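Input: a single structure, listed below in structure tokens.
Everything numeric in this text was worked out from a predicted model, so none of it was measured. Hydrogens, waters and symmetry mates are skipped; everything else that's a heavy atom, side chains included, is used. Every chain is numbered from 1 and lettered A, B, ... according to where its sequence line falls, protein lines coming before strand lines.
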Number of protein chains: 2
Amino acid sequence: MRTLKYAILGLIKQSPMTGYDITNEFNKELIHFWNAKHSQIYPELKKLVTEGLITYKTEISGEVLEKKVYSITEKGTKEFQEWLMTDDKIEPTAKDRFRLKMYFSTITDKETLLRLLNSQTRQHFEKLSSLRERFNQYEGVPDFSDSRFGDYIVLEGAVMREENYLEWLQKCLDYL
Amino acid sequence: MRTLKYAILGLIKQSPMTGYDITNEFNKELIHFWNAKHSQIYPELKKLVTEGLITYKTEISGEVLEKKVYSITEKGTKEFQEWLMTDDKIEPTAKDRFRLKMYFSTITDKETLLRLLNSQTRQHFEKLSSLRERFNQYEGVPDFSDSRFGDYIVLEGAVMREENYLEWLQKCLDYL
DNA sequence: TTTACCATGTAAGACGTTACATGATTAT
DNA sequence: ATAATCATGTAACGTCTTACATGGTAAA
């Protein structure tokens, strides 16, 4: 599938950046639907260079610190757009360790279950709060021509997903 | 994390079964929150035997076909219950290739986007239908003492998750 | 001066998928 | 007969995480 490849191509297409920048994008902007560690990103960047999908030029920060600023090539742009336009089958599973535990819930006692459900609720509520904070910085929906449109809709999707998870947790609590 | 280990322990704890049965459980019962291929399950079963968490006895189907029926040991039960009672931090990401594509949506045109969103909607609607069909076979919420309680709540969670995803897709369509 | 951040890489191992490989049993 | 299902394994490859490894820059 090589989704990381396309995630990187998409980020570099938005604007040229370093491996370090890409790592930050994953940890800050894309964290709610994709992520990767720098140990995965640097080798992938090398691979994309040998495949001719990106190029880089070395810049100097301060006196000696070298950084590689990557740009997408025409070939890279073409492959990225082909990927973007491809209609995928929905993924079969979204693994969720907590749901797995709940499947086995009758093997334990109500007190334990309440403790786990309350903890999950707290954590998801915190996550929802920080998502809402970011989401509320938007004043209305950006137009499709606005480059922030994508960020807006996935952020709204993340908020909705958290709200829904909390609803489910509450339902489980009500059943006990 | 070794979640597969605990998923297998939990299944075998419910009732002794073969590697083939476990594979089917993953593909049929647990598919909406966990899965694994037989090529991953058989080696894990061997590992669990050497760790003393499960044992097996060989049975014969028909004339010659051997099958290994696995049971959980006391040690296995203990480790499983410890895992089940452990309060986890929520997972940082649920990777979603389609959300990633939507993040980059402004790089393509509205027609393409509508095509992708409509396709996702169709597929998620089908998935939701089959989930509802299974869910509706329950007449009311099983009691916590009922072994089907876990299945019921995760099934309801899966239905809610699909409904929520469809709501988000509809919102995206409305924005275009 | 020291802390936070910038910047890039490799190694080892865990986890997961696809393909290879084989053969028996049951239902139509 | 023959197709679907039962039943168990290994090999190769791809993906992902944790740890190892190094050093520069900027702000307090």
>> Quick check: on DNA chain D, is the nucleotide nearest B:K95 upstream (toward 5') of the one nearest B:Y20, or the reverse? Name the residue that is more 5'.
In response: B:Y20
> What pairs of residues pass the ring pair (Phe, Tyr, Trp, His ring centres under 6.0 Å) test when at least one of them lies in residues 46-76 of chain B, not counting sequence neighbours?
Replying inline: B:Y56-B:Y70
>> Check this for me, if you would: do A:K5 and A:E79 make a salt bridge, where the nitrogen-to-carboxylate-oxygen distance has to be below 4.0 angstrom?
In response: yes
> With sequence neighbours excluded, what pairs up with B:D151 under the side chain to side chain contact (heavy atoms under 4.5 Å, CB included) test?
Replying inline: A:Y103, B:E29, B:R134, B:Y138, B:L155
> Taking 5' to 3' order, which nucleotide of DNA chain C is first and which is last to have an atom within less than 4.0 Å of a heavy atom in chain A?
Replying inline: C:dC5 to C:dG16
>> Is it the case that the side chains of B:N118 and B:T121 hold a donor-acceptor pair, with the cut-off being a distance below 3.5 Å and no angle test?
In response: no
> Does the pair B:E51 and B:R2 meet the rule for a salt bridge (Lys or Arg N to Asp or Glu O under 4.0 Å), with working shown?
Replying inline: CA-CA 13 Å; B:E51 291 173 329; B:R2 295 196 61 191; 2.9 Å; yes
> What is the distance from CG of A:L4 to P of D:dC13, rounded to the nearest Å?
Replying inline: 21 Å
>> Protein within reach of the bases, or only the backbone? For nucleotides 23-28 of chain D, mark each nucleotide 5' to 3' as B, S or -, using heavy atoms under 4.0 Å.
In response: BSS---
>> Whether the B:S119 and B:Q123 side chains hold a donor-acceptor pair (N or O, under 3.5 Å, no angle test) is what I'd like checked.
In response: yes
> Considering the terminal five base pairs at each end of the helix from C:dT1-D:dA28 to C:dT28-D:dA1, what angle separates the two local helix axes, rounded to 10°?
Replying inline: 30°
> About how many Å separate CG of B:L113 and NZ of B:K101, when rounded to the nearest 0.5 Å?
Replying inline: 11.0 Å
> Do the ring centers of A:F80 and B:F104 come within less than 6.0 Å of each other?
Replying inline: yes
>> Would you call the rings of A:Y165 and A:F98 parallel, tilted or perpendicular, taking 30° and 60° as the class edges?
In response: tilted
> If Ile, Leu, Val, Met, Phe, Trp and Tyr residues are connected whenever their side-chain heavy atoms lie under 4.5 Å apart, and connections chain through other members, are A:L9 and A:V69 in the same group?
Replying inline: no
> What is the minimum heavy-atom distance between A:R161 and B:A94, and which atoms define it?
Replying inline: NH1-O, 3.7 Å
>> Once rounded to the nearest 0.5 Å, what's the spacing between atom CD1 of B:I41 and atom CD1 of B:I22?
In response: 6.5 Å
>> What's the separation between atom NZ in B:K37 and atom CG in B:N27, rounded to the nearest 0.5 Å?
In response: 8.0 Å
>> Below 4.0 angstrom, which residues in residues 32-49 of chain B have at least one non-hydrogen atom near DNA chain D?
In response: B:H38, B:S39, B:Y42, B:K46
